[in-house]
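Just below is one structure, and these are the notes that go with it.
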2 protein chains.
Amino acid sequence: MSETSSGTVAERISRLFETLTHAERKLSNVMLENYPVSGLGTITALAETAEVSAPTVARMARKLGYGGFPEMQTALRTELEATLSSPIAKHDSWAANAPDTHILNRFAEAVTDNLRQTLQQLDLEDFDAVVDLLSDPSRNIYVVGGRISRSMADYLFTHMQVIRDRVTLIPPNSNTWPHYVLNMTVGDVLVAFDIRRYEHDTHRLAEMATEQGAQLVLFTDQWGSPAAKHASHGFRARIEAPSAWDSSVVIMFILEALIAAVETERWEETRNRMKTLEQLFDRTKLFRKFT
Amino acid sequence: MSETSSGTVAERISRLFETLTHAERKLSNVMLENYPVSGLGTITALAETAEVSAPTVARMARKLGYGGFPEMQTALRTELEATLSSPIAKHDSWAANAPDTHILNRFAEAVTDNLRQTLQQLDLEDFDAVVDLLSDPSRNIYVVGGRISRSMADYLFTHMQVIRDRVTLIPPNSNTWPHYVLNMTVGDVLVAFDIRRYEHDTHRLAEMATEQGAQLVLFTDQWGSPAAKHASHGFRARIEAPSAWDSSVVIMFILEALIAAVETERWEETRNRMKTLEQLFDRTKLFRKFT
DNA sequence: TTCAGAATGTAGCATTATTTTCAGAGTAAA
DNA sequence: TTTACTCTGAAAATAATGCTACATTCTGAA
């Protein structure tokens, strides 16, 4: 069944993806992105959408096992007909070819519900206020996470580090935390993640930080961490999932939206920093060659 | 609103049906019978199916208010696209009280699109096979990430560590990687994250690991990492976002679904390990009180 | 760096699709 | 039946699509 000349167009693309060239991959993505409609126009239109040349499209049709572009198009039409005429259009499931009960579909359902509910109750003023805080170059930013949410803290830190300076990731070991609190002054910002089970140490850290005059931005779940009473701004994300654990997807989502907003706010500087960073990476590579 | 030049093709046909001639009605029936696929081929093919001549088809396209047959065909494609692309009701806006243009809404739109497209082309057999690999207690699991995707690797590691033993997180510093490869044997599994810009070191690690007989499970983006040629199983996630960076939300999603599936597969042991872990945490706290 | 080989795009051509023209068939009224 | 009219399809004219050959660019190895 690993023959080239069998299966749907999409399957063939996936199967051969590794053997495809750069331009062909670009084309594949366009075709899969709006499948199968994008492949039903003229070869020229498809080529233009994918920003490749028409011959590239024709060549790929050959690679996929068709006699030419029109033949592939006919295959697409036939597929489409089969899909549309099947009794219950299978657009109900997220992952095609999987039953509704497959974990992927159940998860997709849960995650989009979480996202919808979270966004519905999310306070935009809070969001914008946090963007302002994180964009302010005069403030020191500290980031801290818990046992699981440490990865989220790390993710935020990695990105913020590119956007601006004065960002510190507080390590997991709470023994060292007082040293960090010692340096916090009025106007500084502590971004903390506290998802159930809530960690007592995080609560203490939040308390100490606010006492020093720092502002607390707290990421927590729908039940709310006890540290929330110290928070200037908070995000309560829905984290339910068909699993023994909670889902961090929505938190990741808010993080990325925040990062994007801050990056826009400080675009000039961000761009310069990214450019410099590129150069530094290049020099690192050079350095490695000599070792 | 009874103008000729508005509404879908089907609506226009219905509206004008009374004024259509004999041959045109024959044609209409064929078009509506297998709507809209039958209208997506060539004018000749459609004419033959309906047992009318090509000019009849062209004339009807004009009657329906289009400039010609190709124009009508474009309209059909556009309709189809609209139908297919909103299997899950598109929200006018996700975050209430925010304009569509707010970064939160734009991000929500992008992320759900990414999720839908990724799931559509995700290979279920691959998914299930990876679940089996990660559930197999006799295999050593190694996890490694790149500069940004390190957080994802970390997240997977943290959870897998609870579910099973023999899980190792390979640190970011590639100098130490050979030591880890040294220990890999046939049947071991390396889970690697390689999102653009693809890291050369990751590619090398994948190569070395597979040469040792390890199986590679690769998380990459829609363009495909060069390391993919060594992978036994791969996940290509869509990562587009309205931001200078890529979105990791979909990758996080797949990770969590994987974790949930593995946890289900090994539920007995997972539950015991979680229980034990709880007790260990309690003892840690106790220990701290004495210091 | 240089060079070979692959990948990609440009241009022109053959092919195919679409439209126009026009002749014949069908239809209804006188 | 005739006549005027519309409808329809065959065939030619026009337009476009898709393919081939070739030139250029890119990539990776020596």
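Convention: sequence-line order gives letters A, B, ...; per-chain numbering from 1.
The nucleotide range of DNA chain D contacted by chain A, defined by atoms under 4.0 angstrom from heavy atoms of the protein and reported 5' to 3', is D:dT17 to D:dT20.
The side chain to side chain contact (heavy atoms under 4.5 Å, CB included) check on B:A244 picks up A:E263, A:W267, A:M274, with sequence neighbours excluded. Not counting sequence neighbours, the partners of B:D136 by the side chain to side chain donor-acceptor pair (under 3.5 Å) test are B:S138, B:R139. For A:E256, the side chain to side chain contact (heavy atoms under 4.5 Å, CB included) partners are A:Y155, A:M252, B:F107, B:S247, B:S248, B:V249, not counting sequence neighbours. With sequence neighbours excluded, the residues that form a side chain to side chain contact (heavy atoms under 4.5 Å, CB included) with A:P55 are A:S53, A:R59. The salt bridge (charged side-chain N to carboxylate O under 4.0 Å, His left out) check on B:R77 picks up nothing, with sequence neighbours excluded. Remark: B:T44 engages B:T42, B:E48 in a side chain to side chain contact (heavy atoms under 4.5 Å, CB included) (not counting sequence neighbours).
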Checklist outcome for this item: Each nucleotide of nucleotides 3-20 of chain C classed B (base within 4.0 Å of a protein heavy atom), S (only sugar-phosphate) or -, in 5' to 3' order, makes ----SBBB------SSSB

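Within the structure, the ring pair (Phe, Tyr, Trp, His ring centres under 6.0 Å) test picks out no pair touching residues 35-81 of chain A (sequence neighbours left out). Within the structure, salt bridge (Lys or Arg N to Asp or Glu O under 4.0 Å) contacts touching residues 211-231 of chain B (residues at least two apart or in different chains) do not occur. Counting only residues at least two apart or in different chains, salt bridge (Lys or Arg N to Asp or Glu O under 4.0 Å) contacts with residues 233-253 of chain B comprise A:E33-B:R238, B:R196-B:D246.
Annotated stems with DNA chain C as a participant read C:1-30 with D:1-30, given as range with range, by first number; only runs of 3 or more Watson-Crick or G-U pairs under 3.5 Å qualify.
Between the B:E24 side chain and the B:T21 main chain, a donor and an acceptor come within less than 3.5 Å of each other.
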